Amino acid sequence: MKQGMVKTFTDRFPFVGPIFWMVSFQYYLAQLIVAAAWTIPYSITINTISDLGNTVCGIYNGRYVCSPRHALMNVSFVTLGITMMIGAVLIYQEFRENLGGLIGFSFMGLAGLGTILVGLFPENVNATWHQLGAALPFFVGNLSMIILGLSLDIPRPLKIYTLFSGFISLTAAVLFTSHHFLSLGGGGMERIAAYPQTMWIIVFGLYISTNHLKAANQADLSANIKS
C-alpha cells in the first residue's frame, strides 16, 4: 500500500490504527488463561513468558514446563505482532513527518515482526528463530519508545512516560539477556523488559483515540453552532 493510500485510509478511518494497538490487551489476558491451565503452579519469577507457548511437558533449560494451552499463547503472540505492525504503520500517519518518527514507528513494526516469530517458533521448536524474534521487541522495540519519546510532538507527561518505559525496558532487556536477574528471577526480569512496551502501546492507542474523539466532538459542536 502506497503511503498516500495509507494517509487517505487513516484520514477516513482515524480510529483503526489506535484500535489495533489497544487490542494488545489480549496479550495479558491470554497469559492469565494459559498460566491457569498449567499442571503445576506457573511462576512469574522462574518461568519466562515463552514457557507459556512451549509445546511439550518436561524440563526445558532447567525449568519444568507444561502448558496445555500453549496454542492459545502462540496465537496471542502472533496476534500481538500483527497489531503492533499494522498500528505502527497507521499511527505514523497521525504525526508530522520527521526522521525520528519514521525510525521509531518502523522499529516498532520490526518489533511486531519479531513477536510474530516468537509465536510461530516456540522456544522448544526452533530456539534460534524464537530468540531472534524475541530480540526484536526487547531491543529494537524498546529503543523505538526512546526514539519516539524524543521525536514526537506529544504532551510532556506522555513524553516522559514514553522515555521512562523505553529506558527501563531496554535496561531490563540487557540484564535479562546477560543473565543478571537482580533477585527477580529470569521470568521477573523478562517481564520488566517486555510488559512496559505492550502497556505503552495500549496507552498510546488510548491517547490517539481520545484526540480523535475530542476532534469529532468539537466538529459536531461547531456544526451545531453554524446551524
Side-chain angles (χ1 to χ4, degrees), residues 24 27-28 30-31 34-35 38 42-56 58-67 70 73-85 88 103-150 161-204:
S24 298
Y27 173 63
Y28 297 112
Q31 289 180 57
V34 175
W38 272 45
Y42 175 82
S43 171
I44 62 173
T45 57
I46 297 174
N47 293 108
T48 64
I49 302 171
S50 293
D51 286 348
L52 294 169
N54 198 302
T55 63
V56 297
I59 302 299
Y60 182 83
N61 282 351
R63 308 181 299 273
Y64 183 76
V65 175
C66 191
S67 185
H70 56 82
M73 191 66 242
N74 291 321
V75 168
S76 177
F77 281 131
V78 173
T79 301
L80 176 62
I82 292 172
T83 57
M84 288 169 67
M85 292 179 69
I103 294 174
F105 283 110
S106 296
F107 277 14
M108 190 59 75
L110 286 173
L113 175 61
T115 306
I116 292 174
L117 293 177
V118 168
L120 292 178
F121 301 100
E123 60 184 7
N124 65 299
V125 173
N126 191 319
T128 300
W129 280 101
H130 184 88
Q131 291 170 6
L132 174 62
L136 288 174
F138 277 0
F139 295 101
V140 179
N142 288 331
L143 180 59
S144 77
M145 288 190 288
I146 298 175
I147 295 172
L148 292 173
L150 294 172
Y161 168 63
T162 301
L163 290 170
F164 178 78
S165 297
F167 279 117
I168 289 296
S169 297
L170 189 58
T171 300
V174 172
L175 292 172
F176 174 72
T177 54
S178 61
H179 299 282
H180 292 87
F181 304 142
L182 306 183
S183 301
L184 297 173
M189 185 59 71
E190 183 194 35
R191 281 166 172 78
I192 297 177
Y195 283 1
Q197 181 183 126
T198 308
M199 184 57 66
W200 176 84
I201 287 172
I202 297 169
V203 169
F204 205 79

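Just so you know, these numbers come straight off a predicted model, no measurement behind them.
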Visitor: Quick one: closest heavy-atom pair of A88 and G109, and the distance?
Guide: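 That would be CB-N, 4.0 Å.
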Visitor: According to side chain to side chain donor-acceptor pair (under 3.5 Å), does anything in residues 103-127 pair up with another residue at least two apart or in another chain? List the pairs.
Guide: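 Pairs touching residues 103-127 that pass the test: N54-E123, T55-N124.
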Visitor: Which value, rounded to the nearest 0.5 Å, describes the distance between I103 atom CD1 and S144 atom OG?
Guide: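 Going from the CD1 atom of I103 to the OG atom of S144 covers 11.5 Å.
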Visitor: Evaluate M84 against Q197 for side chain to side chain contact (heavy atoms under 4.5 Å, CB included), listing each step before the verdict.
Guide: CA-CA 11 Å; M84 288 169 67; Q197 181 183 126; 3.4 Å; yes
Visitor: How many angstroms lie between OG in S169 and CG in L143, if you round to the nearest 0.5 Å?
Guide: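 If I round to the nearest 0.5 Å, the distance is 11.5 Å.
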Visitor: Indicate yes or no: at least one non-hydrogen side-chain atom of L182 is less than 4.5 angstrom from one of M189.
Guide: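 Side chain of L182 against side chain of M189, heavy atoms only: contact under 4.5 Å found.
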Visitor: Please check this pair: side chain of H130 against backbone of T128, looking for a donor-acceptor N/O pair closer than 3.5 Å.
Guide: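 Absent.
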Visitor: Considering only heavy atoms from C-beta outward, does the side chain of L163 approach that of M145 to under 4.5 Å?
Guide: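 A side-chain contact under 4.5 Å is absent here.
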Visitor: Quick check against the 3.5 Å criterion: does N74 have a side-chain atom that pairs as donor or acceptor with the backbone of L120?
Guide: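 Answer holds: no.
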Visitor: Would you indicate whether I46, at its atom CD1, is surrounded by more than 12 heavy atoms from other residues, nucleotides or ligands within a distance under 6.0 Å?
Guide: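 Not buried by this count: 12 neighbours or fewer within 6.0 Å.
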Visitor: Go through the structure and list residues passing ring-ring contact (aromatic ring centres under 6.0 Å, His included) with F139, not counting sequence neighbours.
Guide: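 For F139, no residue satisfies ring-ring contact (aromatic ring centres under 6.0 Å, His included) once neighbours in sequence are set aside.
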Visitor: Does I59 form a side chain to side chain contact (heavy atoms under 4.5 Å, CB included) with V65? I'd like the steps, not just the answer.
Guide: CA-CA 6 Å; I59 302 299; V65 175; over 6 Å; no
Visitor: Answer yes or no: is there a side-chain heavy-atom contact under 4.5 Å between M108 and W200?
Guide: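 They are in contact (side-chain heavy atoms under 4.5 Å apart), so the answer is yes.
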Visitor: Quick one: closest heavy-atom pair of T83 and S24, and the distance?
Guide: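 Shortest heavy-atom separation between T83 and S24 comes out as OG1-OG, 3.6 Å.
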Visitor: State the CD1-CZ distance between I202 and F204, to the nearest 0.5 angstrom.
Guide: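 Those atoms lie 14.0 Å apart.
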Visitor: Rounded to the nearest 0.5 Å, what's the gap from OG on S50 to CD on E190? Could you check?
Guide: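 The OG atom of S50 sits 5.5 Å away from the CD atom of E190.
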Visitor: Applying side chain to side chain contact (heavy atoms under 4.5 Å, CB included) to D51 and W38, what does each step give before you reach the verdict?
Guide: CA-CA 11 Å; D51 286 348; W38 272 45; 4.0 Å; yes
Visitor: Which heavy-atom pair separates A111 from G141 by the least distance, and what is that distance?
Guide: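 Smallest interatomic distance, heavy atoms only, reads CB-CA, 3.6 Å.
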Visitor: Should the heavy atoms of other residues, nucleotides or ligands under 6.0 Å from CD1 of I192 be counted, would the total exceed 12?
Guide: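 Count over threshold, so yes.
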Visitor: The test is side chain to side chain contact (heavy atoms under 4.5 Å, CB included); show your working for I82 and V78 and say whether it passes.
Guide: CA-CA 6 Å; I82 292 172; V78 173; 3.9 Å; yes
Visitor: Taking all non-hydrogen atoms of both residues into account, name the closest pair between V118 and A134 and its distance.
Guide: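 Heavy-atom minimum between the residues: CG2-N, 3.5 Å.
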Visitor: Does any non-hydrogen side-chain atom of M199 lie less than 4.5 Å from one of Y27?
Guide: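 Side-chain contact under 4.5 Å: no.
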Visitor: Checking side-chain hydrogen bond (donor to acceptor under 3.5 Å, both in side chains) for the pair T45/S43: CA distance, chi angles, key distance, verdict?
Guide: CA-CA 5 Å; T45 57; S43 171; 3.0 Å; yes
Visitor: Ignoring hydrogens, what is the shortest heavy-atom contact between A173 and N142? Give both atom names and the distance.
Guide: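 Between these two residues, the closest heavy atoms are CB-ND2, 4.3 Å.
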Visitor: Any side-chain heavy atom of F181 sitting closer than 4.5 Å to one from H179?
Guide: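 SC-SC contact between F181 and H179 confirmed.
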Visitor: Classify the ring geometry of Y28 against Y195: parallel below 30°, tilted from 30° to 60°, perpendicular beyond 60°.
Guide: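 Perpendicular.
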Visitor: Just verifying a value: how many Å separate F176 CZ and T171 OG1, rounded to the nearest 0.5 Å?
Guide: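 Between atom CZ of F176 and atom OG1 of T171 there are 15.0 Å.
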Visitor: Taking the side chain as every heavy atom from C-beta outward, state whether V203 and Y161 have any pair of such atoms under 4.5 Å apart.
Guide: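 SC-SC contact between V203 and Y161 confirmed.
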Visitor: For L52, is there any backbone N or O sitting under 3.5 Å from a side-chain donor or acceptor partner on S67?
Guide: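 At least one qualifying donor-acceptor pair exists.
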Visitor: From Y42 OH over to C66 SG, what is the distance, rounded to the nearest 0.5 angstrom?
Guide: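 So the OH of Y42 and the SG of C66 are separated by 13.5 Å.
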Visitor: Should we count OH of Y64 as having more than 12 external heavy atoms under 6.0 Å?
Guide: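 Atom OH in Y64 is crowded, with more than 12 foreign heavy atoms closer than 6.0 Å.
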